Structure formats: structure tokens, C-alpha cells
Amino acid sequence: MAALDDLQIRETVESLLGKGTQVLDVQKTTSVKEEEVVLVNGTPVVLSGPEGETIKNCLMNGSVPPPELLQQLLRRAGLLVTPVRVDSSLTVKTTTINKDTVTVKRNGVVVDERCKEVKEEDVLTSSASDLWRALPNDVESLKLNCGVDPTIFGTVASSATPKDNVHRRSLPQTHQTGKTIGNIPCGSSDGMSSHNSSLETVESSENSSEQDNSLVYRDTDLVSGSLEALIQHLVPTTMYYPDRTYIFAFVLSSRLFIKPHALLGEVIRLSWTQQKLNDPGVTKSNLGRFCYHLVQLLGEWMETFPYDFRDERVMAHVRNITQRCVTLDPGLRRDVSTMLHNLLHKLTDLEKYEEFLEKTSIDTAASIMDHGIVLDITEVCGSPLELAQNLTQIELERLSYIGPEEFVQAFAKENPSIETSFKDMKKTRNLESYIQWFNRLSFMVATQVLVQHQKKKQRVRLIEFWIEVARECFNIGNFNSLMAIIAGLNMSPVSRLKKTWSKVQTAQFSVLEHQMDPSSNFTSYRSTLKAAMWRSAGATDERQKIVIPFFSLLVKDLYFLNEGCASRLSNGHINFEKFWQLAKQVTEFMTWKQVACPFEKDNQVLQFMQTGPILSENELGLVSFDCEPPENNMEKERWKYLKSSSSPKS
């Protein structure tokens, strides 16, 4: 505020004390209060305390602050008393200055010197809109806030991805009401009536007082148990049905210890014994809701892990138990029929997809053998945005066919100490096929740049085109295609073309490389991914829901989670804390893969990207040296080796 001048002071004094009042002396003081604030929907919130300092540092570094700290700040400011819509954005601005100096010398004497400076700026922005509520203090308050019991989709996801717009501190888990005592679930005695026994909460999974067939809890979270107790915990009764989060986590991880057909067989055996289904006198009135619960369990298993049912041994169990349940309760016939119809539809889709992959590989092999003329990608699709959208079509389709169990099966196949073998089961190769797609896209990018070896301008044009496509992939949330394009442009046959790259406008590419920088365990990418997850969680537009992770890093994270934690504890119990975390990460992936692609398909583009010709690594090297000759001894040796190893053309 500007200081008052003498006339204003006199007028102010006279207005207070009357006309003619003499002013003898004036003392002026100025007080300045500085506060750092963050604007939330236009409301300033002071960044105070350690939370404020952490949020400030995150914003200064271009990363997304932890949601827990933001919530604490908003609650302190009174903005979380009622649900509040929070709009957040992440902006990355890069400025590149290219300075060219031209010096003219005559007989060693500088006669002229000129300097040209070009400044390039590039800005990438991602935004999210979320409805935030206060954090619930426990699982029960979570149920009250949601109005429904937790389900596998939404409650298993981390607090950064609230699928029902409720932030959570931890993974909701099966409660103590589902504990077992001597293979009988609490809440039912012999599976028929209520049981009033109670158990104290066990503070440590290593407590030696626990029996081998018990489940161990820390507070209300299941942390360990024997395989037999965990299987028993999966078995429904007349009054008890396992929590859906437990069903998913256990069926997902159990295949490290027992094959799916054996697990289902054991569930049926225990059900048969507990409910005395072999007793000719058993009726629907004796069983209560048991048959309904058992059919419901089968339905959830088929919905989440349909590929398990490609095994005839699993289907033999299904036919056996469903026929018995329908006989005892004819009202379940329609439910069973619908369940089996949905399963058949999923497995039929899988078979068609596998046929498509096989045909695609054949078409690709044929095009590679006859790549004398390679079509320019811009002649197929001249718009970077449209190409990015069609790449997203391919990514989401291939993601949708990856079963969650394929991650765990990959662990089992690679670990020779695990007795469980999957050689006698029908295999799915959706995970491997998806990784192959990433490699294909990288080689496609390199091929498209290098086949234009006759004209440097064309190579520059193709590189800048792919950079634009990568930028559009970033804006969409398609990080897998983004990383594949970056990898293709960074392949040695492309990156060595110094004369070509000197003409490329690289500001955007530098920003994208920074986003996917592998240093510090991909810190920048993980922050960007979290921002995309926030955007997806609160989005109503299908385009805003798309999150396609950098898949190789996702697999790596799951692999190290599996390898870094023991699956069994020293007392022989299964370490279920580990499998809660595994289920949590896999569920996030399942949420991403279920997004329907909102973009219009271009079948010609899709066909070209999946079957168009690509050069092998050696062929790329040879063509690269045709573009720009080798510059040093190492490159010359490489060139000679490639020429000698290449087969003569017929």
C-alpha cells in the first residue's frame, strides 16, 4: 500500500479531530508480512510447517506433492470439512538456446566473426480434477462413507488412485471376523450356526504360540498363515463369505504354492465335508445361503482369472460343483448359466486374439522378407495426434488381454526353487506379446527414420514427426508408446547421425526424455504417472481416464517386489503382507486395462503399425552407415563387421 502524503495526513487528522487541528509531528511505520501460499480453486492456503515446506519443494522441483500432505494442509485450512473439487496441474517448461558462431579467417587472421542465437521454449502440461474428502480413520468409516462394502476394484488400489473418490491410508483387508480356529471360520460352527469364540489380536506373525493351522493378524490386517488355513479362509459357508479383496489377493498369489485346479479341488472338498453334501438327507433349508455363496465365489474367480478355466481339470471341478448346487437349489440355474456363458465369451475372445497375434506375426515376417520398398509412415497417417490415438488403440487392446495371474506365473517359471510347474497347463503369452509389441514399435521408429537415407531433410522430418507423436502420447497418458518412441530414436543407428540431429528441433524431445529419465529409479516418470492417475481417478471423460504405464518398469517393480520379500516366514507361514502389496499393484494395472479407448480407429494405420516392415538390428546398422559414413575407428570396425556378416542378396 502506498504511504500517505502530507495533504492526506492533514485531511485524515481533520476528519477525526475537526478543522484547524494542528499536526505537530507524524511517525510513519510500515509492516510487511510475507506468506507463501498455494491457490486451491482460487482460495489461498498458507504453506506452513514441515508439510508446507515439503509441498513447496515438490512444486519447485516440478513433481506432484504427496496427497496425504495436501490433505493435511487442506483440512487445517478448513477446506475438507465438506467434499471439495481440487484442480491440479503439472507444467514442465524447458528453454533451449542454440548459439552458432561463424568465424572467417584469412592467413590465420580473423577478418569477420558473426554470432546467431536462437531461443526455443517448450511447455508440457498435464492436469487433474479430483473430488477430495477427509481421510477415514478406519475401514468401518470407509464403509460408511462409501455406502457399500469394499470391492476388489477400487479398494485394493492405493490412496493415490481413489476409484470411488475416497482417499485411503492403507489397503482394506479381511477382518478378524473371518479368522479360523482349527479350520472352522469364526462366525460359523461346523458351517451351520454361529460361533461365539473370540481371539486376541496377534501382534506378530512370528509369535510361536500360534498354531500351524491358524491365521495371524496385526491389528485387523491379515499378515500370515499356513497354506491350509488360507485355503480354509477362502471356503464360504452358510453364514460366511470371504472378503473380495482377500479372494483376489489369495487366488492371485496362491499359484506360487498350489496349482489352480488343485486349489479349486481343495475348496470343493472342504465345502463337501463341512456341509455334508454327501448326506442324502441334506436339503436347501439345511444349507441356507451356502450354494449361493459357492456359486458367487466361482463367478468372481471366473471374472477375474478366466484363463484358469482353460484347464480341463478346473472345468471338471466346475461342472461337478455347479450341477450339485443347481440340484440342491434350482433357483441358481439361471445364475450358473449366465456365469458359464460369460466365461465362454471371454475364452472365445482370447482364442480370437491369439489367432490375430499368430496371423500378425506371419504377416510381419512376410513384410520383413520383402522390405525393398518401405512406406513412409506420414503417407499412411500424416497427423501425429491421430497416430498417437491409434497407438493407444493398440496398447489398450493388448493390455486388456493380459491376465493378472500372468505376472505371478512369470515369477514361477523363472524361479527353479518353486515346485509349481505350469508346463502341463495351457499357456497364455499375452504378457510376452505385449513386450514384443514395445520392441516392434521401437524398431519401427528407427526403420522409418533410416530408410530415408538418401535425403537428410527427410530423416530430419521423420525424427521431428516421431517426436510430435511422442508428445501426443504423453498428453494422452500413453507412456508405453512414449517410451518405445524415445527408445527407437535413441537406438545407436539413429542417435549416431550427428549431421541429421544438428538440424532437428530437439527442445520437445529433451523435455520428453527428462520425463522418462531412468535416473533415481525413474523419479520424474513416477511423478508424472501419479499425476495421470489422479486425473484418471476423477475423470468423467473417457479420454481423461487413460493411463498406459511403461510396462517393462511395471513388470520390473512386481518382479523385485516378489524377489525382495520372502514368500514364507521362518515358521513356515505364507507371508501374506507381501501378497497384499502384490495384489494392490496388480489391481491398479487391472483398472488401467479396463478403460475403453474413445478414439476412432483407422484400420489402415493399425494394420501398418502391427505388420509393416521393420529392419533387424544389423540391417539398421548398415543403413545408418549409408546415411552418414563411419567417423572413427570403432565405427569403421563395426561397419566392416556388419558388411561381412550380412548375407548376400539373391
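Just so you know, these numbers come straight off a predicted model, no measurement behind them.
In this structure a side-chain-to-backbone donor-acceptor pair under 3.5 Å is missing from Y246 to L222. A donor-acceptor contact shorter than 3.5 Å is absent between the side chain of D219 and the backbone of D221. A donor-acceptor pair is defined here as one N or O able to donate and one able to accept, closer than 3.5 Å; no such pair exists between the side chain of N390 and the backbone of V605. Panel note: side chain S442, backbone A484; a donor-acceptor pair is recorded below 3.5 Å. Panel note: side chain W592, backbone L396; no donor-acceptor pair is recorded below 3.5 Å. No donor-acceptor distance shorter than 3.5 angstrom exists from the side chain of R535 to the backbone of A531, with no hydrogens or angles considered.
The CG atom of L558 sits 9.5 Å away from the CG atom of L553 when rounded to the nearest 0.5 Å. Atoms CE and CG, from M590 and L252 in turn, are 9.0 Å apart once rounded to the nearest 0.5 Å. Atom CD in E406 sits 10.0 Å away from atom CZ in R429 (nearest 0.5 Å). We find the CG-CD1 distance between L264 and I231 to be 11.0 Å, quoted to the nearest 0.5 Å. Distance check: N478 CG to I548 CD1 gives 4.0 Å after rounding to the nearest 0.5 Å. Summarising the geometry, atom CD belonging to Q585 is positioned 5.5 Å from atom CG belonging to L561; distances are rounded to the nearest 0.5 Å.
Two rings, from F407 and F589, have their centers less than 6.0 Å apart.
Scanning both residues, P236 and H293, for their nearest heavy atoms gives CB-CB, 3.7 Å. In terms of heavy-atom proximity, R543 sits nearest to P598 at CG-CG, 3.6 Å. Nearest approach of N575 to A566, heavy atoms of both residues: ND2-O, 3.1 Å. For I258 against A262, the heavy-atom pair with the smallest separation is CG1-CB, 3.6 Å. K545 and S536 get closest at one heavy-atom pair: O-OG, 2.9 Å. Of all heavy-atom pairs between K593 and S400, the closest is NZ-O, 3.5 Å.
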Considering only distance and modelled atom types, tabulate donor-acceptor pairs under 3.5 Å from the side chains of residues 318-326, sequence neighbours left out.
residue : atom : partner : partner atom : Å
R319    : NH2  : E312    : OE2          : 2.3
T322    : OG1  : V318    : O            : 2.6
T322    : OG1  : R319    : O            : 3.3
R324    : NH2  : L277    : O            : 2.4

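Looking at heavy atoms from C-beta onward, F479 lies out of side-chain contact with F551 at the 4.5 angstrom threshold. Using a 4.5 Å heavy-atom threshold, the side chains of S481 and L441 count as touching. L340 places none of its side-chain heavy atoms less than 4.5 Å from the side chain of L344. Between I546 and F599 the shortest side-chain heavy-atom distance falls below 4.5 Å. R289 has its side chain out of reach of T238: every pair of non-hydrogen atoms, C-beta onward, lies at least 4.5 Å apart. With a 4.5 Å cut-off on side-chain heavy atoms, L343 and M315 count as touching. You'll find the side chain of F250 reaches within 4.5 Å of the side chain of L263, heavy atoms only. Put simply, the side chain of W272 reaches to within 4.5 Å of the side chain of I268, judged on heavy atoms.
Under the side-chain hydrogen bond (donor to acceptor under 3.5 Å, both in side chains) criterion, D557 pairs with R526, sequence neighbours left out.
There is a side-chain donor-acceptor pair under 3.5 Å between W437 and E395. In the model, Q296 has no side-chain atom that pairs as donor or acceptor with a side-chain atom of R244 under 3.5 Å. Checked by atom type, the side-chain pair Q232/E266 shows no donor-acceptor distance below 3.5 Å.
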Under the criterion side-chain contact (heavy atoms from CB on, under 4.5 Å), I'd like the reasoning laid out for L234 against L297: C-alpha separation, chi angles, the key distance, then a yes or no.
CA-CA 9 Å; L234 186 67; L297 177 64; 4.1 Å; yes
Is there a side-chain contact (heavy atoms from CB on, under 4.5 Å) between E303 and K346 once you walk through the steps?
CA-CA 9 Å; E303 178 67 25; K346 288 178 179 289; 3.7 Å; yes
Set out, in order, the CA-CA distance, both residues' side-chain angles and the distance that settles side-chain contact (heavy atoms from CB on, under 4.5 Å) for L294 and S271, then state yes or no.
CA-CA 9 Å; L294 190 55; S271 299; 4.2 Å; yes
Test Q389 against E600 for side-chain contact (heavy atoms from CB on, under 4.5 Å), laying out the working first.
CA-CA 8 Å; Q389 291 176 347; E600 184 177 350; over 6 Å; no
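Aromatic ring orientation, F305 versus F248: parallel (interplanar angle below 30°, classes split at 30° and 60°). Relative ring orientation between F576 and F579 is described as perpendicular, the plane-to-plane angle rising above 60° on a 0-90° scale split at 30° and 60°.
The ring pair (Phe, Tyr, Trp, His ring centres under 6.0 Å) with Y401 is formed by just one residue from the set Y307, Y353, Y434; it is Y353.
The existence of a salt bridge linking D311 and K259 is excluded, since no basic side-chain nitrogen approaches an acidic carboxylate oxygen closer than 4.0 Å. Using a cut-off of 4.0 Å between Lys/Arg side-chain N and Asp/Glu carboxylate O, K352 and E358 are scored as not salt-bridged.
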